[in-house]
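Basis for what follows: all heavy atoms, side chains included, without hydrogens, waters or symmetry-related copies.
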Amino acid sequence: MATETILGVFAHVDTTVRALEELRARGYHDLTVYTPIPVHEIEEVLERDRPVSRVRLFTLLGGLTGIASAFLITIWTSMVWGQVTGGKFLQLVPGGIIGSSLPPFFIIAFEMMVLFGGFATVIGMVVLGRLPRLKASASFDPRFTNDRFGVAVHCAPERAAAVHELLRTAGAEEVKSR
Amino acid sequence: MSDGHSTPPTFADVNRDVLRTLEPPGNLYFAWMCVVALLLAGFFFAWAGQVWWGMGMAGKRVPQMWAMYITTFVFWIGIGHAGTLISAILYLFRARWRTSIYRAAEAMTIFAVMTAGLFPLIHAGRMWFAYFLLPYPNQRYLWPNFRSPLVWDVFAISTYLSVSTVFFIVGLVPDIAALRDASTGWRRRIYAMLALGWEGADNQWRHYRRAYGLLAALATPLVLSVHSVVSWDFAMALVPGWHSTLFAPFFVDGAIFSGFAMVLVLGLPMRHFFKLHAYIQEKHLDAMGKLILVTGLVLTYFYLCEIFTSLYSGEHIEKASLFWKVTQNYAWALWTMYFCNCVAPLVLFSRRARTSPVVLYVVSILVLIGMWFERFNIIVPSLGHDFYPYTWGIYYPSPTDTMIVIGSFAFFFLLFLGFIKVMPSLSIVEVKETIPAPMREKAHGH
Amino acid sequence: MKRRDFFKIVTASGAAAAAGGCQQATESILPLVVPNEQIVPGVASWFATVCRECPAGCGVLARNREGRIVKLEGNPDHPVNAGALCLRGQAALQGLYHPDRIAGPMVREGSGGFKTATWEAAEKLVVEKLTALRGAGKGRAIALVSQLESGSVGALLDRWGQALGARPRVTLEPFAYEPIRAANRITFNRDAIPYYAFEDAETILSFGADFIETWLSNVGYARMFARMHSFRDGRAGTFIHVEPRQSLTASNADEWVRNVPGTEGLLALAILRVMVDEGMADRRFGDAVAGVDLKKAAETTGVAAETIKHVAKAFAHAKPGLAIGGGVAVTGSNATETQVAINLLNAAAGNVGKTVRFGPDSAYGKITPHAEVAALARAMAGGEIEMLVLGPGVNPAFTLPSGLKLADAIRKVAFVVSFANVPDQTSELAHVVLPATHWLESWGDYAPREGVLGLLQPTMAPIRDSRPMGDTLLRVGRAALGTEEGKGPLPWPTVEQYLKSAWEPLVKGDLEGALRRGGVFADVATAAVTAKIAPVDASPAKLEGDAAGLALLAYPSLRFYDGRSAISSWLQESPDTMTQAVWDAWVEVSTETAQKLGIARGDMLAVKSPQGTLELPAYVSPTLHPGAVAIPLGHRYTPYQQRLQYVAPDPRSMNPMTILPAATDATSGALAFMSVKVTLTKLGTRRPLAVLQATHDQDDRELAQHVDLRAAREQALRGKAPHEPPITLYADKQYPGPRWGMTIDVDACVGCQACVVACQAENNVPVVGKASAAYGRQLHWLRLERWAEGKPERPTNLFLPMLCQHCEVAPCEPVCPVFAAYRTDEGLNGQVYNRCVGTRYCGNNCPYHVRRFNWFQYEFPAPLEVQLNPDVTVRQLGVMEKCTMCVQRIVAGKDRARDEKRGVRDGDIVTACQQTCPTQAITFGNLKDEGSNATKLTHSPRAYHVLEEIGTRPSVTYLRKVVREHA
Amino acid sequence: MTAKAGVGALGVALLAILIFLAVSSWSRQPAVAKPSNQPINFPHNVHVGTYKIDCQYCHSEARRSEYAGLPSVERCMGCHKITGAALPEVKKLAEFHAKKEPIPWVRVNKLPEFTYFPHKAHIRAGLKCQTCHGPVETMTTYAAQTGPRLTNDLLNLVGLRPAPPPLTMGWCVDCHRKENATAGRHAPLDCVTCHH
């Protein structure tokens with residue numbers, strides 16, 4: 001069914017928060033809030049019924065992959081053609097590994113963990129944050145990256161008037177339908 | 001706004017002031033660029049000569065098979081530490097004063113590491129085979145030697161460069177979005193692309209903050225690891241004066257020390273020319289000053305440890321090496337270092353010094369000189385008087401050496417000067433976070 | 001022939017040379033038209049011949065690959081050197097392939113320079129001149145000068161001279177040891193230089209005889225010296241050396257006696273006096289020393305009476321001993337008397353016939369006396385000589401004192417023919433140059449001593465348009481005489497035919513065998529002689545010039561002999577062991593003098609004698625006698641003059657001959673090198689010397705170690721304490737096959753540098769030039785260090801050949817990021833050039849600093865590149881290199897063993913340095929084989945490792961030097 | 001949007017593969033020169049294939065030397081005085097022989113200068129020449145078909161061309177390892193055996 005988007009532009013944090021509280025109270029949950037900076041008060045309102053961001057999962061997996069691949073490559077390469085350097089070597093014999101000198105490989109492992117972890121984190125952010133978006137969303141307004149706050153409410157057309165009213169009373173400088 | 005001390009700036013002011021830094025530069029800027037470009041040309045000329053005629057063009061010899069290249073390499077890696085330290089560690093510690101400088105510091109980090117990254121290539125006798133160091137599958141079944149500190153370097157530095165870059169870019173995204181919305185024409189299109197369509201929607205912020213935190217958490221140990229690994233290039237070797245367990249913390253501290261000095265060397269002029277006194281305030285300078293002072297004192301302590309251990313070791317060769325450094329051909333370099341790194345920072349005990357840009361600037365320059373000489377003193381004199389008396393010798397820098405070392409600074413400044421004119425050298429978002437958010441009822445504000 | 005390819009590539013583009021190789025130029029490979037039986041491409045064939053770099057006449061084996069000589073080695077069958085070779089012999093190849101070798105005949109146009117000519121044209125000129133002179137009956141106006149040719153070649157030259165009625169041939173050798181001959185005439189009534197049996201002597205008392213550098217036969221005597229002197233199962237001979245300067249030989253002495261220059265004779269007599277007085281010698285010798293008073297002698301000679309006494313004891317108690325004279329001791333105005341005194345010492349101690357053996361007399365005895373050379377010089381100056389023929393290797397304008405005015409004299413000669421094959425100071429004065437073939441390209445023979453005849457055969461085709469001197473002389477001789485081949489006094493078409501016919505009686509049909517052995521060798525019985533005892537004039541040598549001046553000691557150079565070897569860049573760059581200086585001459589000044597005049601090393605000094613001045617950089621030496629200055633002979637800037645390679649040529653002469661007068665030894669008429677006092681003045685300018693060794697002080701690091709003789713004896717009896725295994729966290733490497741190792745006996749090493757040059761020749765080690773060498777960029781894989789211990793003015797010198805130690809726990813290996821340095825399965829420390837990236841980390845981390853880096857793309861100017869060993873890669877710029885323990889020889893040795901279906905035996909593989917070592921100080925072998933010599937030596941009580949405390953566990957074991965109690 | 005990302009990722013992956021191929025093939029030492037015209041059109045297939053002449057009859061150095069060697073002109077003439085004397089190519093040979101000139105054969109196989117490859121040891125181990133030099137008995141003019149160049153690698157990759165003996169280090173090592181494992185030989189794997 002068709003939904004309408006009503007955008008309220010605010011100049012102040014407290015007014016924005018008041019609007020959000022109102023909306024939630026009235027049972028409007030399909031909201032998009034635009035802020036130039038992350039604002040605690042606003043987040044508090046929004047985070048109440050949301051799970052923690054899953055980015056950290058990406059990070060964990062990335063890190064583990066890094067460690068694993070590092071140990072894999074270091075140990076495997078010294079197996080396939082292990083040259084003896086400085087009396088140290090890594091050799092597979094029936095009895096197991098002899099002459100092993102593993103400590104240096106931990107350094108590689110650590111670096112690879114950070115590398116993979118880092119990249120995974122960013123990928124996580126991009127994917128979960130629905131980035132990159134190629135064209136601006138309907139309700140976006142350039143001022144939101146400067147000094148204005150925006151609340152976009154997606155609701156059924158028949159309730160639009162009510163939302164208009166609500167946002168204005170909450171203190172929106174300007175309210176428009178998109 | 002000439003004086004930002006009276007009334008705190010509003011969000012709009014922040015955007016305006018930061019965007020102002022991106023306005024077309026003046027003649028001074030272009031003059032600077034010309035000097036830099038000239039030096040850079042010399043740098044590439046010297047390098048080409050060295051590749052064509054051989055490493056002999058540089059002043060290396062037996063026993064100093066390493067000299068000014070590795071010195072400068074370590075120097076730049078060190079510089080590259082302050083940025084990520086400020087942006088990651090101080091972020092985790094919620095040190096709010098970092099916000100005004102961290103963007104410039106991060107840029108500095110990346111450019112410093114890029115500069116440093118040139119040196120292993122410049123230094124290699126056959127740089128056209130440098131790719132042998134990468135673990136790539138090849139028909140020879142040959143792999144790099146993962147026991148070699150140089151391979152650790154390859155991993156540590158490439159990781160450091162990529163992670164810091166990622167961190168940097170992530171930090172930039174919302175600001176670029178702001179640029180996009182403030183600019184027009186082709187600039188706008190480019191910024192739009194870089195901004196990845198950032199809108200500051202709640203959903204974006206939510207993952208953004210989390211990711212940023214995690215990156216900071218990853219970067220923090222990385223910062224400490226990288227310079228430790230670099231220090232192991234020396235600590236893992238036998239050379240008297242290198243073979244020391246002290247080196248990892250010693251190098252990390254030195255790196256932070258020199259890093260902050262460089263931040264000031266770059267930050268103070270920016271503050272002056274871009275009139276950013278509202279954002280880089282005296283309390284910031286003061287904090288930086290304190291950090292330099294502390295790291296400087298720690299460094300002094302390490303110097304003492306170094307001397308003590310080699311005296312206490314009872315190792316004839318260790319002692320001989322130490323006495324030679326302190327008294328013989330290279331003594332001047334050693335004492336320069338002691339003065340710049342141990343004595344000069346002491347003035348920062350006074351608050352007036354810490355808040356006076358001029359004093360800070362002078363001290364920072366001295367510290368940078370001192371730290372370059374620290375690396376020089378670790379490498380050249382130690383090698384010059386090591387185990388085998390037959391080959392003891394003195395290293396004389398050749399024109400090629402000098403040109404390349406100077407050129408590396410040109411390379412760095414070229415990148416940095418370019419940066420400050422295309423990207424916000426102050427973080428718009430984080431600066432806004434530090435100033436009170438706009439409220440209608442002031443009573444109810446923070 | 002793939003190893004040849006890099007010549008093209010290297011010269012084309014440095015970057016793409018040894019390890020680039022991505023580009024592929026099509027190239028052609030040429031098969032032989034008619035297969036040559038002797039030569040299989042890729043397999044070395046060996047030709048025996050005789051080294052003619054000096055009159056010692058050592059046997060040589062030339063290694064021929066694809067028709068070119070790539071390496072020289074001593075001939076093991078030759079009685080003189082028994083397989084060893086000195087550095088000059090090793091470097092002969094540089095003469096053979098010298099870039100400045102004369103390309104073909106040259107004729108001087110009027111007064112101007114040379115222009116190339118055809119052989120016919122050039123020979124025609126000579127023939128015309130000869131016929132003209134003979135026609136005018138002026139045969140005596142023809143003079144023929146050659147180097148010492150003791151065999152059939154000499155006979156041929158004489159015959160040529162007689163046939164044309166020329167003056168008797170003059171053999172020109174600056175170091176002729178005439179006083180020894182003269183003295184032997186006087187004492188033993190025998191005009192000869194005997195064979196000195198070092199090997200049988202218990203004590204050697206040498207008066208200035210530098211037998212490790214140049215004296216008579218340096219390889220042979222160094223070998224024998226090692227046999228008598230180096231420590232073997234508890235026994236070791238004693239060596240006492242008398243010389244005002246600490247020469248290399250002196251530094252090998254157990255006791256070095258520093259005397260006032262020119263007083264050796266008196267010292268010898270004083271020793272004899274003591275022997276007589278203390279009843280250690282026959283009373284009859286009393287009248288010989290009637291006039292000698294010990295106290296006075298002690299004053300004049302500057303040697304303490306006690307020293308004289310105990311030297312006398314040591315010498316007299318030896319059964320038998322041996323006293324020898326040479327070097328500066330017997331080149332003064334009193335040379336003959338000195339040698340007579342030395343003869344008397346031998347007679348008194350009963351050494352004659354035991355260690356002094358007449359019979360196998362040295363070829364030096366056949367050198368034309370200096371009197372005749374002087375006469376010839378006068379004749380030339382007087383215009384009596386109208387045609388002068390100079391054989392190859394004679395360079396009188398350089399090698400004789402300028403006092404003789406020889407250059408001017410030669411200029412007076414109307415027509416000078418030179419057979420030089422490399423331009424030198426004398427050939428520059430010639431009118432016709434007919435380049436003779438190098439001795440490696442020629443037929444010939446040489447008898448270094450009675451009973452030993454070495455045969456020379458061409459080991460390769462001439463690389464330049466040069467012809468054997470003999471052939472040319474035969475041809476022009478016949479033409480001048482108007483006879484044709486087969487008739488007349490000069491019937492032989494070529495010198496080859498002549499020699500083969502001359503050898504027939506000697507080789508008795510087995511020419512092949514003789515050539516393969518390298519000659520015809522027989523033992524000659526010792527002739528009995530009786531000593532005539534007569535008083536000897538004990539007055540010190542008379543020196544011209546400023547009485548207040550310093551005696552000038554001009555001594556033959558270990559590296560260049562009389563200067564004929566100075567054309568070799570290898571020798572220019574192999575350091576003089578005592579000073580460790582390369583590429584330059586110097587004037588050695590005593591510390592006292594230096595302090596007086598405020599001289600530091602490298603300050604330019606003007607050395608002034610009545611004859612003229614010489615400007616040289618100073619080398620301040622704490623050991624030199626304060627009353628003397630010393631300058632090595634034979635230094636000249638010649639390598640690659642035409643290309644001005646390696647060192648900026650200095651117009652100033654470096655040759656002390658230019659300030660020597662034409663002085664002679666009164667009795668024998670021999671040339672006197674120690675004949676003048678000089679004065680020093682500081683010029684204020686500097687010419688820093690390229691000295692490779694930073695310091696001679698070990699700074700208590702015990703790199704070169706020594707042990708007292710008594711202690712060594714005890715240890716030898718007790719045996720070595722078992723070495724506890726090193727502590728390690730990790731398992732040790734197992735060696736499936738052999739494990740190679742090396743031992744170097746510091747006690748046997750005499751510091752002659754032969755190994756250094758041998759290594760350079762074997763392993764394609766480039767020459768870097770003076771500037772680079774001075775800046776620690778020399779590339780020698782093997783270097784010879786001199787470490788001085790004890791009092792600076794009379795130190796104990798230890799010679800330490802330092803090469804890659806092939807450590808078991810090598811510091812260089814783990815730091816290499818690409819496995820270019822690694823440990824091989826046979827215990828070598830491998831270095832893979834084509835994998836090397838050039839981080840130079842290994843070079844820093846090697847505590848011995850034996851790793852060498854290619855700072856530039858080093859050149860091998862044509863045709864020197866032909867000498868490069870095809871089995872060894874030529875390294876590209878930017879790669880690390882170092883001693884490989886001659887891995888190419890290891891590979892070859894294993895290959896040979898596999899052909900014979902057996903394992904590698906001890907002695908199958910001999911490294912280049914070991915092969916050439918005259919004293920056999922170096923032993924290479926399999927350390928897993930308990931029976932191998934190397935392993936046995938590693939168990940010796942004297943065995944130690946350099947810098948053992950670092951824990952690198954080297955595969956190279958050194959044996960401590962054994963020093964005598966009184967040293 | 002995600003589809004686009006997928007395409008991008010695929011592109012990146014392909015690019016990576018190409019770069020890897022380029023680098024790795026460039027980093028190999030080309031073992032083989034490009035085919036070129038020989039002064040005499042020598043048909044190996046006739047000599048080896050038809051007349052079954054043993055390789056070492058002509059390349060007689062192979063068993064005793066580092067180099068396989070080329071037959072001396074003398075040896076060629078040994079047969080060709082009579083055999084096929086009328087053939088144009090053989091006439092060329094006769095000319096060279098008459099002029100006592102060597103034949104300027106164009107080199108085909110070439111290992112880099114820093115690689116020491118002794119034919120002797122491999123003949124002693126009973127290796128067939130074809131193992132490294134390919135099916136010589138079928139070649140009209142012996143010139144290596146393919147060297148390890150990028151184009152060839154790609155063609156081999158997609159199976160358009162059978163991979164020839166690449167004469168690359170990895171290939172040598174493979175064989176040495178195989179022989180040691182299966183035939184119980186002691187083929188050396190030490191770097192310095194070939195690189196010294």
Q: Side chain, backbone, both or neither: which part of B/Asp175 has a heavy atom under 4.5 Å from chain A?
A: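 For B/Asp175, no heavy atom lies under 4.5 Å from chain A.
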Q: Mind checking whether A/Phe110 and B/Pro221 have side chains closer than 4.5 Å, heavy atoms only?
A: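 Yes; the side chains approach each other to less than 4.5 Å.
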Q: Mind listing the closest non-hydrogen atom pair of B/Val170 and A/Met125 along with its distance?
A: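 In this case the closest contact between B/Val170 and A/Met125 is CG1-SD, 4.1 Å.
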Q: Closer than 3.5 angstrom, by distance alone: can the side chain of A/Asp147 be matched with the main-chain N or O of B/Phe11 as a donor-acceptor pair?
A: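 Answer holds: no.
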Q: For B/Val429, which atoms come within 4.5 Å of any heavy atom of chain A: side chain, backbone, both, or neither?
A: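 Both backbone and side chain.
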Q: If I take atom CG from residue B/Asn15 and atom CZ from residue A/Arg143, how far apart are they, to the nearest 0.5 angstrom?
A: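 The CZ atom of A/Arg143 is 13.5 Å from CG of B/Asn15, to the nearest 0.5 Å.
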Q: Where on B/Arg209 is there a heavy atom nearer than 4.5 Å to chain A: the side chain, the backbone, both, or neither?
A: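 Side chain only.
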Q: Hey, which of B/Thr220, B/Leu215, B/Val163 is the one that makes side-chain contact (heavy atoms from CB on, under 4.5 Å) with A/Val114?
A: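 Only one of B/Thr220, B/Leu215, B/Val163 forms a side-chain contact (heavy atoms from CB on, under 4.5 Å) with A/Val114, namely B/Val163.
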Q: Roughly how far apart are A/Ile37 CD1 and B/Ile435 CD1, rounded to 0.5 Å?
A: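 It comes to 7.5 Å.
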Q: To the nearest 0.5 Å, how far apart are NZ in B/Lys432 and OG1 in A/Thr145?
A: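 Rounded to the nearest 0.5 Å, the NZ-OG1 separation comes to 6.5 Å.
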Q: What are the two closest heavy atoms between B/Ser162 and A/Leu115, and how far apart are they?
A: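 B/Ser162 and A/Leu115 have their closest heavy atoms at OG-CD1, 3.4 Å.
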Q: Find out whether A/Thr35 and B/Asp202 are in side-chain contact, i.e. whether some heavy atom of one side chain is under 4.5 Å from a heavy atom of the other.
A: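 In short, these two side chains do not touch, never coming nearer than 4.5 Å.
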Q: When you measure from the side chain of B/Trp152 to the backbone of A/Ile107, do you find a donor-acceptor pair of N or O atoms at a distance under 3.5 Å?
A: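 Between the backbone of A/Ile107 and the side chain of B/Trp152 there is no qualifying donor-acceptor contact (under 3.5 Å).
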Q: Any side-chain heavy atom of B/Arg180 within less than 4.5 Å of one from A/Pro142?
A: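 Contact flag for B/Arg180/A/Pro142 side chains = no.
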Q: Would you indicate whether the side-chain heavy atoms of B/Leu214 and A/Phe58 approach each other to under 4.5 Å?
A: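 No - every pair of side-chain heavy atoms lies 4.5 Å or more apart.
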Q: In the structure I gave you, are the side-chain heavy atoms of A/Phe144 and B/Glu199 within less than 4.5 Å of one another anywhere?
A: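 No, side chains not in contact.
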Q: Show the nearest heavy-atom pair for residues A/Leu90 and B/Arg147, with the distance to one decimal.
A: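 Taking A/Leu90 first and B/Arg147 second, the nearest heavy atoms are N-NH2, 3.7 Å.
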Q: Chain A: which of B/Leu179, B/Val173, B/Val166 shares the most heavy-atom pairs with it under 4.5 Å?
A: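 Option with the top pair count is B/Val166.
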Q: Can you tell me how far apart CZ (B/Phe167) and OG1 (A/Thr121) are? Round to the nearest 0.5 Å.
A: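 These two atoms lie 10.5 Å from each other.
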Q: Could you tell me whether the side chain of A/Val52 reaches within less than 4.5 Å of the side chain of B/Arg210, counting heavy atoms only?
A: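 Touching, per the 4.5 Å side-chain cut-off.
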